[in-house]
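The basis for the numbers below is simple: all heavy atoms, side chains too, and nothing from hydrogens, waters or symmetry mates. Bear in mind that the values here come from a model prediction, so they are computed numbers and not experimental data. Letters A, B, ... mirror the listed sequences (proteins, then strands); counts begin at 1.
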Amino acid sequence: MSKVIVVTSGKGGVGKTTTTAALGAALAQTGQMVAVVDFDVGLRNLDLILGAERRVVYDLINVVQGVAKLPQALIRDKRIDTLSLLPASQTRDKDALTDEGVGRVINELRERFDWVICDSPAGIERGATLAMRHADEAVIVANPEVSSVRDSDRIIGLLDSKTVMAEAGKHMPKHLLVSRFDAARAGRGEMLSIEDILEILSIPLLGIVPESEEVLRASNLGTPVTLANPATAPARAYFDAARRLNGETVPMVVPSEKKSLLDKIFGRRAA
Amino acid sequence: MAFSLAPEAPVAGWLHDLDVWMRNSAGFFAGRPVVLDLTSLALSGSAIQHLVGELESRGIRIMGIEGADPGDFAGHLPPVLRGGRPASTGEGGESGRAAAASKRTEPTSLMIETHVRSGQSIVFPGGDVTVIGSISSAAEVIAGGSIHVYGAIRGRAMAGANGNPQARIFCSCVDAELLAIDGFYRTADDLEPGLLNRPIQAWLEGATLMIAPFD
């Protein structure tokens, strides 16, 4: 039973591509066949994060338009041979995507892979709606700030109305992944707390990825963080999230600031 | 109170103007009895039927027709007049004006069993809206009647939107961007800080939107 997951957020820069690569690499390391699909036509990034930018020949648009066959466009990762990338086109725009063509490609991917992870572009326009349209489940990436949370809320509304599942009257399972979480700043009230985000979005929590220099370092090396250094905090968070996606029960720990003695004595609360 | 609609020739142009006007005043005719005044038009029976059909398709319920000979309808009002009562123009048209007695049942309340997410807009001019979830930031609910929210209002809630000052807003947690009843509104800035995140009800007293905690 293959599963199509869309990684989406509404807002840009919150970590969709990082999350797609990290979850894809984590799931692939369990031996399951994983395809990650870059839907950000015109702003191709996922190939860089996976270190495959020099190997792109054909892309999603070529396959959608029937110019290339799917196996020609898929790039198999050199480090994990169960992980494949279907890159976006950098020279085209999102209007080149058609609903029918995307549906056909997704169905073809379903036959070959256990997991198809679609990296949605930011926004709510054609690229984003087509990335989510054929998904079975959604991972919503949000940062602990009000604009990101509001945009995620909007995306949840679209997932519940504009997808094939929603139009068939089915409920699409949705998972919240909070990225760039800084426990110290949340503790000081400079960031939304996990409870605040969950109260507004009210969807189940898949994971909390702490703010970390490791993520940027791994991205610049062209290696998903779950592959670059599996022992780091963000990598562990992504591994846990991947196991939860896989149906395992993994206890969730909300990162908390190590309180100073004074804080403990006075019980200081964030305003 | 019944409204009177007096179409002018050419009818197609008048319908177009009506469409433009209705787009700007959505829900104005919801639940309102309307009398069609044809005194300035000389229409055949079939033309009247067509006109009534056109109005029906726009959600306007014609309760009676004035200024037309009942003989034009072949002894019957068009079947769209189900909600109507026997009416008379005082010119001896009683016999032909009787409409079917069966009451038309339109829903008078709307139940939303989920959250109203950011960017979504629920418009229900026909009556009350009940939301079991929350109204998110930058989402809105517009109701002809009252609005009941079992979660939090973080977006906009506009009750009594058709000019109903009796409408109220209830919610179990208020952090609204805007609350309005019959056009009188308060934004988040005008909300007393003490009310924030508490269960409240809002109602109108004259031209003042009153908000009081429920606990």
K.L.:
Could you tell me which portion of Ser152(A) (side chain, backbone, both or neither) has an atom closer than 4.5 angstrom to a non-hydrogen atom of chain B?
P.N.:
neither
K.L.:
Given that the side chain runs from C-beta out, which part of Ser134(B) has a heavy atom under 4.5 Å from chain A: side chain, backbone, both or neither?
P.N.:
neither
K.L.:
Nearest 0.5 angstrom please: Gln120(B) CD to Asp160(A) CG, how far?
P.N.:
7.5 Å
K.L.:
Tell me if the CZ atom of Arg133(A) is crowded by more than 12 foreign heavy atoms within 6.0 Å.
P.N.:
yes
K.L.:
Taking atom CD as the centre, does Glu113(B) end up with more than 12 heavy-atom neighbours from other residues, nucleotides or ligands that are less than 6.0 angstrom away?
P.N.:
no
K.L.:
Using 0.5 Å steps for rounding, measure from the OG1 atom of Thr114(B) to the CD1 atom of Ile156(A).
P.N.:
11.5 Å
K.L.:
Once rounded to the nearest 0.5 Å, what's the spacing between atom CD of Glu199(A) and atom SG of Cys173(B)?
P.N.:
6.5 Å
K.L.:
Which bit of Ile203(A) comes within less than 4.5 Å of chain B, counting heavy atoms only: side chain, backbone, both or neither?
P.N.:
side chain
K.L.:
Assess the side chains of Arg150(A) and Ser118(B): does a donor N or O sit below 3.5 Å from an acceptor N or O?
P.N.:
no
K.L.:
First locate atom CZ of Arg117(B), then atom CG of Leu201(A), and finally report the distance between them rounded to the nearest 0.5 Å.
P.N.:
6.5 Å
K.L.:
Looking at Arg156(B), I want to see if its CZ is surrounded by more than 12 non-hydrogen atoms of other residues, nucleotides or ligands under 6.0 Å.
P.N.:
no
